[in-house]
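Some notes on the structure that comes next.
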Amino acid sequence: MTATIIRNGRIIDPANDRDEIADLYLVDGKFSEQRPNEFEEIDATGLIVSPGLIDLHVHFREPGFSHKETIASGARAAAAGGFTTVVCMPNTSPVADSPSTIGWIRDRAEEVADINVLTTGAISKNLAGEELSPIGSLAQAGVVALTDDGRCIQNNELMRRAVEYARMFDLPILDHCQDYNLVGNGLVHEGYWSTLLGLPGWPGAGEEAIVARNILLAESCDHRLHCQHISSAGSVRLLREARVRGVKISGEVCPHHIALTDAAIENFDTNYKMNPPLRAQRDIDALLDGIADGTLDVLASDHAPHAKFEKEVEFDAAPFGIIGLETELGLFLDLLVHKHKTIDIARLVALFTMNPARLLGLKSGTLSLGAAADVTLINPALEWTVDAAKFESASCNTPFDGWKLKGRAVRTIVAGKTVWENAL
Amino acid sequence: MNQASQPNDSPAIRIFDAENMRRALRRIAHEIIERNRDLGALVLAGIPARGVELARRLAADIETIEKVNVATGVVDVSMHRDDVRRRGALPVVRASELPLPLDTRTVVIVDDVLFTGRTCRAALDAIGSFGRPASIQLAVLIDRGHRELPIRPDYVGKNLPTARSERVRVRLEETDHEPDGVWLVKSPNEK
Amino acid sequence: MNTDWSRKDLLGLRELSAEEINFVLETADAFKQVGTREVKKVPALQGKTLINLFIEPSTRTRTSFELAAKRLSADIVNITASASSLTKGETLKDTAKVLEANHADIIVLRHGSAGAPQFLSTHVRASVINAGDGAHEHPTQGLLDLYTIREKKSRIAGLHVAIVGDILFSRVARSNIFALLKLGARVTLVGPSTLVPRAFEQLGVAVTHDLEKVLPEVDVVNLLRIQHERQRKEYFPGLGEYIRLFGLTKERARLLKPDCLIMHPGPINRGVEIDSELADGAQSVILDQVTNGLAVRMAVLYLCSGANGS
């Protein structure tokens with residue numbers, strides 16, 4: 001028997017409506033109400049004891065792009081950021097659109113990762129947006145959601161059938177909302193800075209048109225459809241209206257979209273190039289409002305590693321995306337809880353645990369008795385400085401290097417076992 | 001000894017006051033008249049900025065003495081210098097102004113201080129790019145020695161022996177908004 | 001007398017102060033005069049190596065930089081996209097490093113991607129001169145346009161300049177806007193609403209879609225080249241309609257003040273942006289722009305190279 005007592009921490013377990021200072025028992029990899037006799041003790045005085053955090057939007061690049069990230073390095077980065085469960089996007093090479101690729105990723109994760117690495121399957125074969133991938137087989141292979149992330153199915157009819165078909169397997173659809181015609185070769189938010197710098201604009205309407213489409217499909221198909229990395233004020237407005245009516249639509253927010261405006265692109269630094277792009281202050285304000293009123297109820301990183309040589313190119317030649325797992329919790333704590341006071345820490349925990357678990361139909365994301373003992377210990381007051389050179393991730397494409405943040409995970413526990421501990 | 005840190009505060013010996021300068025220029029004007037029979041063919045070409053003003057004063061003196069209007073010009077040397085890379089800040093470039101063609105002209109280069117001779121060499125090159133004057137002469141207010149090139153002035157206001165580390169400070173009303181004068185400034189680093 | 005010019009690179013006009021812009025124009029005065037001399041060559045950049053790295057095709061700008069460099073006695077090598085290793089997959093950074101290993105002192109870069117010169121300047125010690133980057137800036141074109149206006153009008157401040165055409169995709173327009181505003185001119189942008197979106201008003205200029213209303217008010221009209229054949233099909237219906245609405249025809253030119261300057265960065269589409277006769281007419285300063293471009297580029301090369309020496 002292995003047992004741990006996490007003593008005297010503030011236990012926040014939104015799924016069980018629990019927020020109290022107490023001890024937590026971890027016995028044989030599960031939460032237990034039985035106080036063990038022999039145990040390891042962790043003093044959590046002053047810390048938040050949260051269900052293990054879930055990030056449902058990461059790119060671990062394996063198979064195919066292991067020079068950017070591997071499942072092993074990505075999993076270490078996740079653990080260092082406080083995450084016990086991550087959901088990998090299918091835009092690998094080969095694309096995760098077949099049971100064999102899903103099987104390979106799961107086997108690999110089993111072998112090298114200390115955390116729960118979950119998989120998604122592509123909606124369309126080879127992410128081409130033309131025909132459905134074998135969704136039933138992918139479901140059997142164990143994917144937790146379907147997505148063409150990085151791409152967006154433009155054919156509304158195909159998307160409708162995908163949502164309808166996925167409902168049969170109770171698999172949610174995660175969608176990267178981008179209308180290709182409206183966005184064209186857009187690189188940065190269409191507004192003041194794109195006008196000034198002569199960079200092709202990526203208008204908010206390019207996202208909003210697809211968010212609106214998704215709302216219509218989620219409603220007509222009565223199935224869960226989740227809009228990834230929401231960036232524009234108009235999208236928030238559309239989602240709010242739909243959710244009030246009970247449509248099974250949801251939206252997620254990435255830290256960079258509330259931490260930075262498009263003014264950051266002034267010097268053409270490719271670490272500020274992401275898709276969807278950094279937007280204007282009014283968009284940030286709308287995202288914060290959306291988080292505050294529950295319109296946006298999932299937080300994620302869109303952890304997108306790219307090698308240094310790939311990012312050290314002309315702005316339009318650089319790939320979109322930044323890494324996020326190791327800065328995500330710190331940024332959200334710093335911005336949402338401390339700086340803007342958008343939500344309290346209990347809500348923040350819900351956005352990282354219960355909400356994504358419910359969307360994906362996972363049993364995790366709680367401290368319920370009998371559930372796998374995934375725990376994240378958070379010190380909400382710890383001040384620290386981001387140092388990309390010390391990241392566990394294989395890449396360091398982050399715009400947040402050197403940022404001073406308040407709050408971070410200090411210990412990550414998966415199934416009762418500590419997989420990462422803050423060295424500080 | 002307590003030395004001031006600003007170069008302008010360094011010990012300075014006055015060489016010329018306004019009256020000395022006026023006399024030196026008047027003498028040079030006389031010498032130019034003596035050496036050049038055809039004053040109409042003459043161009044007094046100043047090197048910016050003080051040389052241009054000195055050329056103007058010489059022309060005025062010659063006009064007073066001989067009642068002849070002598071042509072003046074500007075010869076900018078900055079784009080002909082060979083030491084641009086070795087100087088801290090870039091010299092400001094000015095357009096040269098010379099009456100063309102130069103073939104039958106005698107050009108008198110006018111500058112305030114003659115030192116290594118490199119500025120004068122650059123002036124010769126600059127003039128050469130405009131044409132081929134009949135002859136070129138050189139007039140300077142102060143010759144402080146230390147030549148690095150085989151260049152010799154035709155007209156000198158004053159020969160002033162100097163140490164290499166010393167500086168010669170020339171001030172003209174028109175260019176510097178200070179009373180006319182010449183000083184020898186000791187290097188602030190000298191013990 | 002020494003200058004305050006301390007930039008080794010010229011990446012754009014937005015980052016220059018009015019004083020710096022004026023200083024380049026004054027320096028260009030001196031270099032313009034070199035073109036009138038018997039020997040049109042000065043030794044200012046003797047021993048320096050200049051690379052014309054043109055990743056996007058251009059004849060005028062490349063030729064102008066080449067002549068400018070030659071008049072300054074620099075050694076010059078032209079590299080075009082098809083001849084460079086970039087077509088073999090070499091990155092711009094690696095290409096530049098190779099050029100630097102060959103002791104390039106100045107790299108003049110024309111590139112289709114906005115920000116490419118800025119990117120390059122962070123990776124090489126050589127001076128980087130932007131010869132046009134995407135739709136971002138074309139600083140030497142902006143400077144030569146200002147030089148030409150100043151030469152003909154004796155001032156920039158208080159003038160009203162109309163820039164007509166495809167503003168959205170124009171680096172020439174942006175460089176002109178930044179510099180003209182800094183020097184106190186008024187700028188009005190004219191063209192179809194798709195190519196002259198209202199967003200430009202945030203830069204401090206006026207936007208209008210009525211050319212005839214603007215023409216009588218302006219001191220300068222700068223016509224930009226309009227492209228329809230390739231990428232602009234979604235932006236306006238066709239050249240015929242463009243000419244009807246925004247072409248400077250002879251009839252419209254009668255609305256101009258008699259001393260209004262007509263400018264065009266070239267190459268001209270005769271009969272499209274501008275009536276052919278007007279392009280050659282008394283108000284046209286199009287060829288002066290070319291001549292002045294040489295002087296401005298000499299000044300820029302001289303100043304940036306000098307600032308990179310110490």
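Letters A, B, ... mirror the listed sequences (proteins, then strands); counts begin at 1.
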Determine which residues belonging to residues 194-211 of chain A lie within contact range of chain C, meaning some heavy atom pair is under 4.5 Å apart, and list them by number or answer 'none'. A:S194, A:T195, A:L196, A:L197, A:G198, A:L199
Atom group of C:F200 that falls short of 4.5 Å from chain A, counting heavy atoms: both
Evaluate side-chain contact (heavy atoms from CB on, under 4.5 Å) for A:F309 paired with C:K93, printing each intermediate quantity in order. CA-CA 9 Å; A:F309 75 87; C:K93 182 186 161 193; over 6 Å; no
Would C:L203 and A:Y192 satisfy side-chain contact (heavy atoms from CB on, under 4.5 Å), going step by step from the backbone distance to the final call? CA-CA 8 Å; C:L203 306 191; A:Y192 174 77; 3.7 Å; yes
Where A:F315 and C:S113 come nearest, the two heavy atoms and their spacing: N-OG, 3.9 Å
Identify which one of C:I55, C:T91, C:L92 satisfies the side-chain contact (heavy atoms from CB on, under 4.5 Å) criterion when paired with A:E314. C:L92
Check whether A:D269 gets within reach of chain C through its side chain, its backbone, both or neither, counting any heavy atom under 4.5 Å. neither
Once rounded to the nearest 0.5 Å, what's the spacing between atom CG of C:L11 and atom CZ of A:F268? 9.5 Å
Residue among C:H123, C:E137, C:R171, C:R14 with most heavy-atom pairs under 4.5 Å to chain A: C:R14
As an exercise, state the distance from CD of A:E266 to CD of C:Q118, rounded to the nearest 0.5 Å. 8.0 Å
Can you establish whether the number of heavy atoms outside C:R62 located under 6.0 Å from its atom CZ is more than 12? yes
